[in-house]
Enquirer: 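First, the structure itself, so that you have it in front of you.
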Amino acid sequence: MRSLYRNTVVLLTFIAASAGAQNMAGPSFADSEPAVVVTGFSGPESVRYDPQMDVYYVSNFNGEAAGDANGFVTRVSAEGEILDLRFMTGSSEAPFHGGRGMYLDGDSLLVADAGGIHRFDRGSGEPLEFIDFSSFEPGFLNDIVVSDDGSIYVTDTGTSRLFRVEGGQVSVATETPFAANGVTLDPDSGELILVPWEGATEFVAWNPQSGAFRTLGTVNGGGNYDGVEVIMGAIVAASQADTSLHVMRNGRDRQALTLAGRPADIGVDTKRRRIAVPYVSLDRVDLFAFGVGGN
């Protein structure tokens, strides 16, 4: 059941059901203005679309990203209405400081935080579990993904490590070749795609089985990459350095869309073909429509 709800697997179904092979050209943006602008957040860092519930989850720093126990996750309707500002919060046993990347895992939502991973019930928003990383002295846990075998992976941008959680046990999966920030699953190869915060000009893929890295392509400008997703066979990544979305396909990178501010961890609405872009400093999320036929 776990893989049924994964956003990446739903994305595959979406791809197969649409226009066919031409979709593999990657997304295009005919309109540079957002279709919907959602305001009222408090430092929104990440967006995850839930295809089963047909809602967006938005993680909020709400102050300091670590140590203040003020973080929360907002539930937003598909039309852009805030349904519950503080839908998911921490507890006295497991304070929620500042939510970063999120990922759907079965009936739950995983959220990376300063000291580990929170697991919340998708339907009720109730906290279910906290996986503590403190013994590893993490630098800045940032993005999260679940691989094909059910293992959870989290980037540590501060220490250039990729953590694995398997059977509830935390370990260091690998040292990353740069300060990896964003991570996503390639639905075709099962590899993890990593994009750099700093110190590199390339996107790479990592094979969880072999432990091998391979270069996917060199970026055309940009830098300080945060969110990354695979859409229509292309890699879409958000750059804070040039405040834009980049699209990489077949090793070629292009700046596809200029944004209103520095983007954080993007999400994909597979039902409406929209990319959700959060801006921590603007307290808002923009929803951009995309089509077929990027080059």
Side-chain angles (χ1 to χ4, degrees), residues 7-8 10-41 44-51 54-59 74-83 102 182 184 195 203 217 219-250 252-295:
N7 203 20
T8 50
V10 173
L11 183 56
L12 282 177
T13 305
F14 162 76
I15 293 172
S18 48
Q22 64 171 333
N23 277 4
M24 303 310 289
S28 63
F29 300 93
D31 193 344
S32 60
E33 295 299 317
V36 179
V37 175
V38 189
T39 59
F41 303 104
E45 203 282 335
S46 178
V47 181
R48 179 62 54 174
Y49 173 68
D50 185 333
D54 197 26
V55 296
Y56 301 99
Y57 303 112
V58 180
S59 62
T74 302
R75 187 165 62 110
V76 180
S77 75
E79 291 73 31
E81 176 189 359
I82 292 181
L83 302 174
M102 300 181 288
T184 194
V195 296
F203 294 170
V219 297
N220 180 25
N224 293 134
Y225 287 92
D226 201 325
V228 57
E229 297 287 345
V230 176
I231 305 174
M232 297 179 177
I235 301 168
V236 180
S239 168
Q240 294 194 15
D242 64 8
T243 61
S244 68
L245 291 183
H246 282 244
V247 175
M248 180 179 287
R249 178 175 175 268
N250 296 330
R252 297 177 58 190
D253 173 57
R254 62 186 174 90
Q255 184 179 347
L257 184 66
T258 301
L259 303 169
R262 295 190 299 170
D265 188 10
I266 59 176
V268 184
D269 181 339
T270 52
K271 182 177 181 179
R272 296 165 189 81
R273 289 187 180 179
R274 287 177 175 173
I275 295 180
V277 181
Y279 310 97
V280 175
S281 62
L282 300 181
D283 292 335
R284 88 185 207 200
V285 173
D286 288 351
L287 306 178
F288 291 93
F290 65 86
V292 179
N295 49 32

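Just so it is clear, the model here is predicted, and its values are computed rather than measured.
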Enquirer: Does the gap between the ring centers of Tyr225 and Phe203 come in under 6.0 Å?
Expert: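 Aromatic pair counts; centres sit under 6.0 Å.
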Enquirer: If you count the non-hydrogen atoms of other residues, nucleotides and ligands that lie under 6.0 Å from CZ in Arg284, is the total more than 12?
Expert: yes
Enquirer: Can Gln240 and Asp226 be counted as having a side-chain donor-acceptor contact under 3.5 angstrom?
Expert: yes
Enquirer: Is it true that Tyr56 and Asp50 share a donor-acceptor pair across their side chains at a distance under 3.5 Å?
Expert: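 Looking only at side-chain atoms, Tyr56 and Asp50 do not form any donor-acceptor pair under 3.5 Å.
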Enquirer: Side chains of Arg254 and Asn220: closer than 4.5 Å at any heavy-atom pair?
Expert: no
Enquirer: Looking at every heavy atom in both Val247 and Ala234, which two are closest together, and how far apart are they?
Expert: CG1-CB, 3.8 Å
Enquirer: State the OG1-CZ distance between Thr270 and Arg274, to the nearest 0.5 angstrom.
Expert: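 Going from the OG1 atom of Thr270 to the CZ atom of Arg274 covers 12.5 Å.
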Enquirer: Are side-chain heavy atoms of Asp265 and Val47 found at a separation under 4.5 Å?
Expert: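 No, their side chains stay 4.5 Å or more apart.
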Enquirer: Between Arg272 and Asp54 (salt bridge meaning N to carboxylate O under 4.0 Å), is one present in this structure?
Expert: yes
Enquirer: Tell me, do Val277 and Phe288 make a side-chain contact under 4.5 Å, heavy atoms counted?
Expert: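 Yes, close enough: below the 4.5 Å cut-off.
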Enquirer: Any ion pair linking Arg75 and Glu81 (charged N to carboxylate O, less than 4.0 Å)?
Expert: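 No.
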Enquirer: Is the closest side-chain heavy-atom distance between Val236 and Phe290 below 4.5 Å?
Expert: no
Enquirer: Taking C-beta and beyond as the side chain, do Ser239 and Asn224 meet within less than 4.5 Å on heavy atoms?
Expert: no
Enquirer: For a 4.5 angstrom cut-off between non-hydrogen side-chain atoms, does Leu245 reach Phe29?
Expert: yes
Enquirer: Tell me, do Val55 and Tyr57 make a side-chain contact under 4.5 Å, heavy atoms counted?
Expert: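 Yes. Closest side-chain heavy atoms under 4.5 Å.
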